[in-house]
Amino acid sequence: MKDQLQDLVQQALTRLCLEGTVPNGTSVSFVVERTRSREHGDFATNAALLLAKPAGKKPRDVAVALVAALPASARIAKVEIAGPGFINFFLSPEAYAEEVRSIHAHGREYGRNQQGRDRKAQIEFVSANPTGPLHVGHGRGAAVGDCLARLLEATGWRVTREYYYNDAGAQIANLALSVQARCHGIEPEQEGWPADGYRGAYISDVARAYLAGETVHADGHDVTGTKDTDDLDAIRRFAVACLRREQDLDLRAFGVEFDVYYLESSLYAEHKVDETVQALIAAGHTYEQDGALWLKTTDFGDDKDRVMRKSDGAYTYFLPDVAYHVTKWKRGYGRAINEQGADHHSTITRVRAGLQALDMGIPKGWPEYVLHQMVTVMRGGEEVKLSKRAGSYVTLRDLIDEAGRDATRWFLVARKADSQLTFDIDLARTQSNDNPVYYVQYAHARVCSVQRQLGERGVEWNRENGLAQLTRLDNEHEQAVLIALSRYPELVEIAAANLEPHMVASYLSELAAAFHAWYNAHHFIIDDADLRDARLSLAEATRIVLANGLELLGLGAPQSM
RNA sequence: GGCCCCGUAGCUCAGCUGGAUAGAGCGUCCCCCUCCUAAGGGGAAGGUCAGCAGUUCGAAUCUGCUCGGGGCCGCCA
């Protein structure tokens with residue numbers, strides 16, 4: 001709807017240029033946007049306000065000329081000039097009827113677009129090291145990342161979901177030592193417990209399984225435990241497999257699946273890190289000092305240079321990060337998005353600087369980042385800090401078990417990632433209108449319920465007739481639903497462009513509210529067959545859009561509740 | 001010392017990248033099914049958009065400074 005109006009205004013502007021009302025070649029970045037209030041019509045443009053200066057005329061005079069030059073359209077019922085020089089468009093009932101027919105025609109495809117033109121995009125998210133269960137923060141990353149992927153898919157991108165994990169570094173060595181200590185019956189605080197050992201109860205579970213000779217399947221491999229508590233390497237492999245499997249189970253329960261698991265160890269195995277170092281040296285952005293090799297990241301906006309290779313010969317963490325991103329680029333992802341916790345913020349400049357220093361044609365803003373702020377969990381008005389299993393943090397599994405998958409996903413994705421998030425377990429558990437998830441899903445179930453009633457009452461719904469009678473839907477509640485429905489394609493476009501899945505959640509709440517109000521004020525199954533068909537067709541359109549939106553968030557659209 | 005995010009109704013938060021009279025839910029108060037699910041709906045009260053200055057036709061939105069909350073800044077990952 002919006003695009004068509006944009007075209008009409010552009011045509012009018014072109015005509016004014018030819019007439020000489022505005023100087024030839026004038027181009028302004030005017031917008032056509034939704035109005036806030038119905039008094040101002042459906043859409044408004046600020047074109048006249050922006051043209052006033054180049055034309056040397058008053059905004060309202062330009063507006064008059066612009067309106068006069070507007071091509072005729074059956075979709076526009078009325079055009080008004082208002083305020084300082086806004087041009088307000090009132091759409092015809094036929095324009096909305098056309099949109100509803102489009103919803104029925106496209107079904108599950110309605111709202112999707114092809115802006116990505118089937119190009120490759122990669123989203124890396126979660127990427128938790130296999131040293132413990134996933135916690136709430138990872139859950140937020142999983143929900144946001146997965147919804148971002150769904151949004152990009154809906155806008156025509158070919159998306160790969162990738163999970164990167166460190167399977168060889170110091171943290172993993174620490175994990176192995178912790179499990180070994182547990183195998184020996186040593187507990188935290190006791191003599192012999194490793195300095196920075198992992199203290200969670202899950203370490204004991206791993207130790208027990210290892211000693212019992214259990215076989216664990218993870219990442220396509222089987223790993224079996226033994227009684228040998230001296231073989232630290234075997235313990236490490238077993239522990240990583242155990243925790244990887246646990247994370248996979250949690251993610252599956254959360255409805256999140258990955259296409260690629262990328263192991264940090266493979267970067268070393270395939271000499272990717274060495275190659276990157278050599279390439280950086282060759283590009284001339286490095287120097288040696290104090291026995292270490294430095295990268296001049298200050299050439300690319302960092303506040304100080306960074307060490308790449310320590311004086312003891314080992315690499316610092318950011319080098320494999322750069323090498324890893326080189327593989328992303330070489331794998332053909334013209335678009336790469338990293339969804340991470342805000343505590344990783346400082347790596348952005350460095351990774352990008354490293355990639356720029358390679359001088360291999362990678363754009364400056366590549367990769368893109370979506371960072372989410374911290375999550376605090378509340379229960380009974382108090383902050384929850386402990387998980388029995390993991391120790392010092394609340395796990396994703398705890399939340400799924402307590403609040404359910406859909407509510408957990410909703411609450412973790414419904415807030416802007418930039419904002420700190422308070423997860424209220426009590427609210428998420430509530431099965432009432434207080435809980436926005438149920439509110440939205442209930443709207444979907446209500447439409448299904450009406451459709452079931454038709455059969456029970458022996459009433460027939462003639463969909464085609466309904467779609468032909470849509471202009472009979474003229475009460476305020478139906479108008480509100482029509483407007484909300486027609487906004488959906490714009491919503492998908494904006495949410496994807498801004499990488500802000502929370503907008504989908506806000507939208508669904510609004511659409512559900514419009515529907516509930518309508519449902520409450522009017523009956524659908526009435527004697528007037530034409531009006532009944534029209535209402536049932538609008539209800540079905542609402543159901544389709546609700547289902548499509550819920551799908552974008554990875555949530556179920558229940559037939560009944 | 002440097003950097004990032006946040007500050008909007010009592011509470012939790014939207015506000016579509018600068019538009020017209022700032023929105024929703026919860027909470028408080030009042031009201032609505034003999035009827036497709038009351039897991040719902042209607043109404044009232046509630047605001048110095050943290051503060052100050054600037055940019056312009058126009059600022060919650062952009063810029064600078066100040067104040068508050070959170071996070072990051074290592075030859076740790």
Side-chain angles (χ1 to χ4, degrees), chain A residues 31 33-37 39-40 44 46 49-50 52-53 58-59 82-86 88 129 131 166 169-172 174 196 264 289-294 302-304 306-312 314-318 320-321 341-349 371-374 376 378 414-422 424 427 430-436 438-439 441-443 445-454 456-457 459 477 487 490-491 493-495 497-498 500 502-503 505-507 509-510 512-513 515-526 539 560-561:
Chain A
V31 293
E33 57 190 3
R34 294 273 172 179
T35 57
R36 274 188 200 167
S37 148
E39 297 167 39
H40 301 132
N46 61 348
L49 295 168
L50 298 175
K53 193 171 271 183
K58 288 180 188 166
F86 290 105
N88 295 336
N129 286 341
T131 54
N166 173 328
Q171 301 305 323
I172 299 296
N174 192 10
D196 295 310
E264 184 185 0
Q289 186 182 308
D290 305 330
L293 185 64
W294 297 68
D302 206 351
D303 57 343
K304 53 184 159 186
R306 306 291 167 176
V307 171
M308 303 194 317
R309 194 174 57 212
K310 297 184 276 184
S311 49
D312 67 4
Y315 295 124
T316 56
Y317 74 93
F318 108 93
D321 276 358
D343 54 338
H344 288 78
H345 166 260
S346 59
T347 69
I348 296 177
T349 310
L371 302 182
H372 63 259
Q373 298 287 326
M374 283 183 56
T376 47
M378 304 288 285
R415 297 281 178 247
K416 207 164 36 177
D418 284 339
S419 302
Q420 289 172 48
L421 170 64
T422 304
D424 185 338
L427 178 58
T430 309
Q431 304 210 349
S432 75
N433 56 329
D434 298 354
N435 188 335
Y438 285 88
Y439 183 81
Q441 291 182 324
Y442 181 44
R446 261 188 161 169
V447 178
C448 296
S449 170
V450 170
Q451 292 170 350
R452 278 194 301 274
Q453 276 290 314
L454 291 172
E456 288 174 25
R457 296 191 192 180
V459 177
H477 296 102
R487 281 175 46 212
E490 295 159 38
L491 177 275
E493 196 178 321
I494 295 164
N498 294 356
E500 291 185 338
H502 77 277
M503 297 183 77
S506 299
Y507 169 81
S509 294
E510 288 170 26
F515 175 78
H516 285 308
W518 175 41
Y519 178 94
N520 206 58
H522 301 278
H523 281 246
F524 302 170
I525 304 174
I526 52 176
S560 64
M561 292 174 71

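Residue numbering restarts at 1 for every chain, and letters A, B, ... go by the order of the sequence lines. Predicted model only: the values in this text are computed from it and were never measured.
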Participant: Both distances below 3.5 Å, Watson-Crick or wobble geometry, any strand: find the nucleotide opposite B/A60.
Facilitator: none
Participant: B/C6 base to A/Ser419 side chain: any donor-acceptor pair below 3.5 Å?
Facilitator: no
Participant: Taking ring pair (Phe, Tyr, Trp, His ring centres under 6.0 Å) as the test, write out the residues that go with A/Tyr507, two or more places apart.
Facilitator: A/Tyr488
Participant: Mind checking who B/C49 pairs with, Watson-Crick or G-U wobble, both distances under 3.5 Å?
Facilitator: none
Participant: Report which part of the nucleic acid A/Tyr519 touches: base, sugar-phosphate, or nothing (heavy-atom distance under 4.0 Å, all strands).
Facilitator: base
Participant: Using a cutoff of under 3.5 Å, can you pull out all pairs of nitrogen or oxygen atoms linking the protein to nucleotides 22-24 of chain B, with atom names and distances?
Facilitator:
none

Participant: Under the 3.5 Å rule, do the base of B/A77 and the side chain of A/Asn174 count as making a donor-acceptor pair?
Facilitator: no
Participant: Has A/Phe86 got its ring stacked on the base of B/A20, with centres under 5.5 Å and planes less than 30° apart?
Facilitator: yes
Participant: Roughly how many Å is it from CD in A/Glu510 to P in B/C16, rounded to a whole number?
Facilitator: 12 Å
Participant: Would A/His502 pass as stacked on B/A14, i.e. its ring centre under 5.5 Å from the base's six-membered ring centre and planes under 30° apart?
Facilitator: no
Participant: What is the pairing partner of B/U21, taking Watson-Crick or G-U wobble pairs with both distances under 3.5 Å in any strand?
Facilitator: none
Participant: What's the CG-C1' distance between A/Leu421 and B/C11, to the nearest Å?
Facilitator: 15 Å
